Structures are given as C-alpha cells and as structure tokens.
Amino acid sequence: MSEDKKVRNEFKNLIYTQLSNKYNKCLYPKSDCTKDCINAHSIQNSQILDQLASNNHLVMAVPRLNLDTMPQIEFKKVGRNKATTFTGLCSEHDSQLFRPIDVNKFDTSNEEQKFLIAYRSVIRELHTRIKVAIDLQTTYHKLVEAGKCDPNNGDKPMWEATMAIANGYDLYKYKNLYDNIYNSNSFTEVKHDYICIKKSCPLAVSSLFNPINSSDQNNRPDPKFIVLNVFPHNKNTIVLLSYLSNHQKELRAYANEIINASGEYQLYLLSKTILRYCENFVISPEHFESFSSQKIDDLKKFYWETAKRIDYDDNNENLMLF
Ligand SMILES: [Zn+2]
C-alpha cells in the first residue's frame, strides 16, 4: 500500500469513528443534567411507531457516506429503537418531560400536548445540530493536522465547520425560547395549525425547518422555524404545524399552500415538503414495499437534489409518500 493511501485510510477510519461517536448530553431545561442519556424517541413510541412498524422495523432515509463520491441517500429498514432516537435526554428527564404525550391519547384541544409534540422536535434538532458541528470541527482539525487544510486560508472545510457551529447556535437560541415557555407553563405562546386528513397515515415526521429564503434575510436575524409533525391517529392523518406566536404571521405565508389545499393534492404538497426539508421521518415498511423501483429512485433524487439546492423542484406524482 502506498504511503498516501495508508494516510488516507487512517483518515477515513478517524472520520468513521468520529461519526459513530454519540453526543451524549441531557438537554433538560430546568437544570444542567450530567446523567447518561438514553436513546430517546423523537416520535412517540408506543402509540405512533407501534402502528407503523413491521417486525419492529421502520423505513428511513439514511445517508450513505462515501468519501470518494458525494454522499448518497438510501431508504433502509431501521430497528425501531434506533429509528428517530437521539441521545439528548436522560431516562428520568425524557419521561418527566414527555409523560403527558406518552401516556395520554392525542387531544387536539390540549395546548400542553401540542406544545410538547413541537418541543420534542426542537430538542432533537438541537442535539442533531450540535453533533454535526462537533463532527465537522473534529474532521476539520484532523485535516489541518494532516496538512490537508491551511487554517490561515478560508477554504471549504473551514467554512462548513464554521457554518455548522452557527446553525447549532441558531437552534440553541431557539430552544431557549421553548425552554422558557416550558418553564413558565405558557404553552399558548406556541401557535399551531392543525389539519386532520381522513386517510390512514403510513408515515410519521418530527422535524422543523426555516422556509424563508436566506437571500431575503439580512444580518442573520433570529431564525424562524415551522415545526412539522405528521402522525397517524384514529385512522386519520394528523398534521401539526407549530410556530412561536411572534413568528406565526410571517411563516404562515409558507404554510398556507398546504393548509389551503385539499384531498390528494394536499398530501402531495405535504410529501414534497417532507422530502425537501425533513430528515427525521419514518415510513411503514408495508407501505414502502408497495413503491416501484422507479418511484424510489425519483424519491431519492428529489431528496438529494433539494438537499443540495433547496429551491430545486420536480412535478412528479411519484413524490407522493402517502
Ligand atoms: Zn437529565
């Protein structure tokens, strides 16, 4: 093996080891908790995942890392206790925070429940962004040590690592607002658009996204997010769009197209929104197995193209997830 290839392989191993390391930190809002974290479910386990899983597995979009090419995306069966879980809460605080939505049935008129569903998405997203920031920083430092990057030059790896910290910080500030609402029980500070579609739901989503085109924003204003949860309930599809009350007016403009649509077209728009903005979603394996290979290819292409360029579009009935 040439020396160059050996160094490259060592480096690959370092990156893969780093990516498999867990970021283990309880993000409980009332105290600085140092207890070990569990694999906390970001999508409710006993009521929602239970309905979707087959043999304790669910289908997820999983990035396939290949250091020689661009990363690819695959739809893969993932074990229920791995799918959509994150190591961002200890056992005690996970059950304390989310007991009201874990033991009770979903009630659309209950403001605490709707807040907690959105809060769980926010906590998971912060955990994910911190992990990405740590991974990119660590990788960047290894590149500098190996002489592949010059820290005096603003190259791509340096900017990517820096932007990951900025993205994590945005979410950190945003989660603080949710923490304050939780700590003061002022749940109505988060507003929701609730849609109940009379059709069985083959998937679940717990995610958030900022739909505002970054070129419309100047001076990095506080980011505004739509928190999106989709899940089955009583043989219906529930869509919950959540916003901080002072963001609702601006974000509503982006959600209105989905809110005002109906029937299959509403589900089609929702499917494209999920594929464009979300990575934390699961599909029932039974439903996924009904997809043709052409449909799966079209889904992967749209998911991947929108990851590279958020305004990429394709009008294709194969993008229907429901
Ligand atoms: Zn804790």
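Computed over heavy atoms, backbone and side chain alike; hydrogens, waters and symmetry mates excluded. Since the structure is predicted, the reported quantities are computational estimates derived from the model, not experimental observations. In listed order, ligands and their atoms are each counted from 1.
- Between Phe75 and Phe288, the angle of the ring planes lies from 30° to 60°, which puts this pair in the tilted group.
- Between the SG atom of Cys90 and the SG atom of Cys33, the angle taken at the Zn ion (ligand 1) works out to 120° after rounding to 10°.
- Ion pairing between Lys199 and Glu264 holds under the 4.0 Å rule for side-chain N and carboxylate O.
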Contacts under 3.5 angstrom, residues 315-322 side chains, donor-acceptor by atom type, not counting sequence neighbours:
from   : atom 1 : to     : atom 2 : distance (Å)
Asn315 : OD1    : Tyr268 : OH     : 2.8
Asn316 : OD1    : Asn318 : N      : 2.8
Asn316 : ND2    : Asp298 : OD2    : 3.0
Asn318 : ND2    : Asp298 : OD2    : 2.8

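- His93 contributes atom ND1 as its closest N/O/S atom to the Zn ion (ligand 1).
- Tyr312 and Arg276 get closest at one heavy-atom pair: O-NH1, 2.6 Å.
- Checking Cys26 against the Zn ion (ligand 1), an N/O/S atom falls under the 2.8 Å cut-off.
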